[in-house]
Structures are given as C-alpha cells and as structure tokens.
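Below is one structure, written out as structure tokens; comments come after it.
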Amino acid sequence: MIRIYNTLSHQKEDFQPIEPGKVRMYVCGMTVYDYCHLGHARVLVAFDVVTRYLRHRGYDVQYVRNITDIDDKILRRADENGEDYRGLTERMIRAMHEDEAKLGVMSPNEEPRATGYIDEIVAMIHKLISGGHAYEAGNGDVYFAVDSFDDYGKLSRKKLEDLLAGARVDVQEAKRSPADFALWKAAKAGEVSWPSPWGDGRPGWHIECSAMSTECLGDTFDIHGGGPDLLFPHHENEIAQSECATGHRFVNTWMHVGAIRVNKEKMSKSLGNFFTIREILEKYRAEVVRYFLVSSHYRSQVDYSEDNLEEADRSLTRLYHALRGIVPAKESEVPETGHDREFTAAMDDDFNTAGAIAVLHAVANEINQFRRLGEEMPAKQAAAVLVRLGSVLGILQQDPEMFFQSDTGTELTAEDIEAMIQARADARKAKNFAEADRIRDELAEKGIILDDSREGTSWRRG
RNA sequence: GGCGCGGUGGCAGAGUGGUUAUGCAGCGGACUGCAACUCCGUGUACGCCGGUUCGAUUCCGACCCGCGCCUCCA
C-alpha cells in the first residue's frame, strides 16, 4: 500500500485512486517567460519519480502538467525584449523541453496551455458568476468572491479574517473584498486579448489550472502537485474556483515539494539568487543534478551548494563503478529480490527516495562482493536489479563508459588517452615505474583518472 | 502578528519505543610495484529541560534555535 503525505490533511494517507488501477495527476508547471531554474527542476524531477514509481507499481498514470503561456510577467518580458509574447513563450517552452530531457524527465501525457483553453476558462467563469461566486467589477475585470466559499483556506489553513487583517493583501477599489482575486482581467490598450461576455481580456492566473485540470482529468482527480509557494494563494484559489464551479470535491491528494535554498536563503525570483538549469548543467552533469535532487526526500528543504553536488557526483560514481565492465543479466530473468522489496517499502512510504537510494548502494556493494569472488552470474543478476531499480528513479540508465568518459573537459581525445595508457603499460612491463607514474600523473593533471584491474586499465574523468 | 515545518555522528541525509540506515570525508587492514577502484573493520549521532515508560533520538509538554507561507515566485 502506497502512502502519500497529503497537504490537505497534514498527514500520510493510504493512497486509493478513484478508479482502481488508474491515477489521474495534475501538476502546476511553468510560467514560460524565462529559463527553468533549480526549483522547477525539483518539481519536474519529483513528479517524474512519482509517475515512474506509480507506473512501476502497475498503475496507469494520466499525468497532466500545464504550461502558463499568458500572464503579466510574460507580457512584460516580451515587451522588454521587443518581441511578440508568443515568440517568447515558444522559445521558453522549447528550452524547458530541452532542460527536462537532459534531466531524464519523461514527458507528461498532456501538456495543456492556458491559451488553448480560453473557451473552457470563460465557461467556468460564467458558471461561477451565475452561481453567485464571482462578480463583474465594472472595470471589465471579473473577481472571485472569496466569502462565497465556506471552505476557503482549508488547504493553507488560513482564516479569512486573518487574511483580511493582513496589510499585505492587495487593496483594490474594484474588489468587494481585498482577498478576492481576478478570474478575468480586462485588456489594456494594445494588449493581447480574447473576447468574453465581460469584454476583451485574458484569464487570471488561478482559473486556468482549474479549467485545464477539470477538462483533462474530470471534476475530481487523484493527485495535484506543485511547488511549495503555490500552496497559497494559487492552490487555495484553485480549490475555491473548482469546487464552486463543479460542486464536487476537486482533488483527493495534494502534494507539495520542499523549497530549494541557496546559502541558507530560499531560492526565488524576487531574491534574484536563483540558478537556471542551464547554468547548473554547465558545471555538473545532468544525472548528477538529478541524483542530488532524488537523494533527499521531495518534501524536505534542500540546500544547493558545490559541496553537495560534488558529493552527489562521488556517490553516483560509486554506483556506476559497480556496473562498469559488467553486462547485466536479462531483466526478465531476474526474479524479485529482497532488495526489490526493500526498495518498494521505502518508495511506498511517501516516495522515500533517500531510503531507496540506500538500497541501491546495498545492491552495488553486493555486486562488488560477487565480482571480487569471481561469481559472475550472481553479479550480473544483481547488476540487473540495480539497473531495474535505478530506472524507477530515472538514474543509472546510461552506459557506464559514457558516464565515466563523456564531457571530460580535457583537450585529450580518447585515442590520446589510450595511447598514454599503452605507453604506461609498456613502462610498467619494463618495471620503469617512474615513467609509468609520470604518465599517470600527467593524465591526472588533465582530469583523467586511471583504474587498474586484472583485465587491464580503464580511465575516467576526474 | 497569524498559520505551518524542522533541529540526527565532521558533512549530506533516512529512520525507529529496546537490535547496522546509506553516502561523502577520516582512520586501520586487504588488494596493488605504488596508487585508483573494490572489499573488510572502525564512530557511546539524535537541540535543551521535564513527563509517560522496565526502557525515548523515536510518544507528550514547555523552552531555545532555524526555516517556509501570509506579495509575483516551483
């Protein structure tokens, strides 16, 4: 039985999908006005792992992750760039797909865009108005009336009176209550807009997710996820809109990932201390970044630092060492092992990837022991288990030689290195160890490490 | 101020009412010409103070400290 921590109930719950064997999941994706940063990477990777694991456990997962391709920030950025907003969003969507592919994130089943669902959005707003949950403000805007929904605040545990007392709530003349939020924004002169019964305009931020998730997955679905800062107001508002519009419970399980921190501060756009995925991938390999993200629990806060990334690199390197020079047995011929069961136990417990990785290291240790004893078949079988479990986390899927020998950052070609290894082997044969060590040191200086074994010498990036 | 989360060995990071997390780093040994890789061994970790209990890092309460949301942000 899989247990998932539900933000709504603040506890782990047994996961029971609405339809047996099928999981409907919606995750709030990107607002595409800039490149993805590490926080996006965490959401992307976390829910990729959730999807992979649920499928591994036999569920048919319908994974929908939206793209917000119209909003204030997009229009402002496009304006700054002097480009059409669609040029900007198309470019950023392409970049996002490149980034996620590098991180080993599988594509969601559907990737709805806000601009593709204007009719559904307008229809939902219309429903809310006729139900008395929303109103035209007279300036062309339409707002959701927060006090029309008794359960408002149930996700974020906020009381309406506290929100109203807070000075930080945007006070706008047109709103009946400061906590009300826009469903439809009237277009300013020259802005891109869509026609609606309330005049030309564009959707508010929250309504698009209500409309798209309902359209793609139905009134009620199993899992809704997103970043930690979406909990309020975004997800709270989605609940209000959807439950008022459909009259049904919106989502059963709410999942939120933990924040990424940099130097003990939350990484955020407003603080300007964020790293884009592209920047990070210039310094670290994508699989190392993924391993770093997966090696702590998705709900915990993680600190981005060079030390932590380098440690992740060494730890992942250990796993690949276990797979190096070995041809794993055919997966189908390797029955479920105790390690599979330990892995499942960890992952069943709210996707405990840290515990799952500990199992991977136990398997690696087992492989190394078998190899040491020359027990080839057991080693190959264990290697198959390691690759099999790694695939659920989206790691250990590349050829170990690729992991060790790609992107070395040296000017040396593989042929150069092989030639030097041969020269060193000759020197060793002649017992000229000074020369042999000189060659090894020279390679080490250029970032190439040699590993000797009975079968010969192999090399890897430092 | 309101709401919520967390404090685990040198570092990262799981977990548990009594028994090994795991990784990185360190130390000792094996392997090696020497290294690297690997294997074996090695650390009286659980913020502080009370309480419950035969026994608490794990449950309860207070306290201290850190963090997040309450505003665009994943």
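Each chain gets a letter, A, B and so on, in the order its sequence line appears, and its residues count up from 1.
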Between [M] and [N], how far apart are the [atom1] atoms? Round to whole Å, please.
N     : M     : atom1 : answer
B/C40 : B/U22 : P     : 11 Å
B/U57 : B/G17 : P     : 13 Å
B/G26 : B/G43 : C1'   : 10 Å
B/A21 : B/A45 : C1'   : 12 Å

Name the residue from A/R440, A/R461, A/R324 that meets the salt bridge (charged side-chain N to carboxylate O under 4.0 Å, His left out) definition with A/D451.
A/R324
Heavy atoms under 4.0 Å, any strand shown: does [X] hit a base, just sugar-phosphate, or nothing?
X      : answer
A/S296 : sugar-phosphate
A/G258 : base
A/L360 : nothing
A/E311 : base
A/S458 : nothing
A/M30  : nothing

A/T353: side chain to side chain contact (heavy atoms under 4.5 Å, CB included) partners, not counting sequence neighbours:
A/V49, A/V294, A/M347, A/L393
What's the CZ-P distance between A/F274 and B/A74, to the nearest Å?
10 Å
Sort me out a list of protein N/O and nucleotides 3-10 of chain B N/O pairs below 3.5 Å, or just none if empty.
residue : atom : partner : partner atom : Å
B/C3    : O2'  : A/R157  : O            : 3.3

Does A/H256 contact B/A74 through a side-chain donor or acceptor facing the base, at a distance under 3.5 Å?
no
For RNA chain B, which residues of residues 92-104 of chain A approach it to below 4.0 angstrom with any heavy atom?
none
Please confirm whether A/H40 and A/Y35 have ring centers closer than 6.0 angstrom.
no
Check A/D147 with A/R176, please: is the shortest side-chain N to carboxylate O separation under 4.0 Å?
no
Going 5' to 3' through nucleotides 28-39 of chain B and flagging B where a protein heavy-atom sits under 4.0 Å of the base, S where only the sugar-phosphate is that close, and - otherwise, we get --B--BBBBSBS
List the residues meeting side chain to side chain donor-acceptor pair (under 3.5 Å) with A/E98, not counting sequence neighbours, and say none if there are none.
A/R278
How does RNA chain B read in dot-bracket, base by base from 5' to 3', with Watson-Crick or G-U pairs under 3.5 Å and | used when the partner is on another strand?
(((((((..(((.....[...))).(((((.......)))))....(.(((..]....))).))))))))....
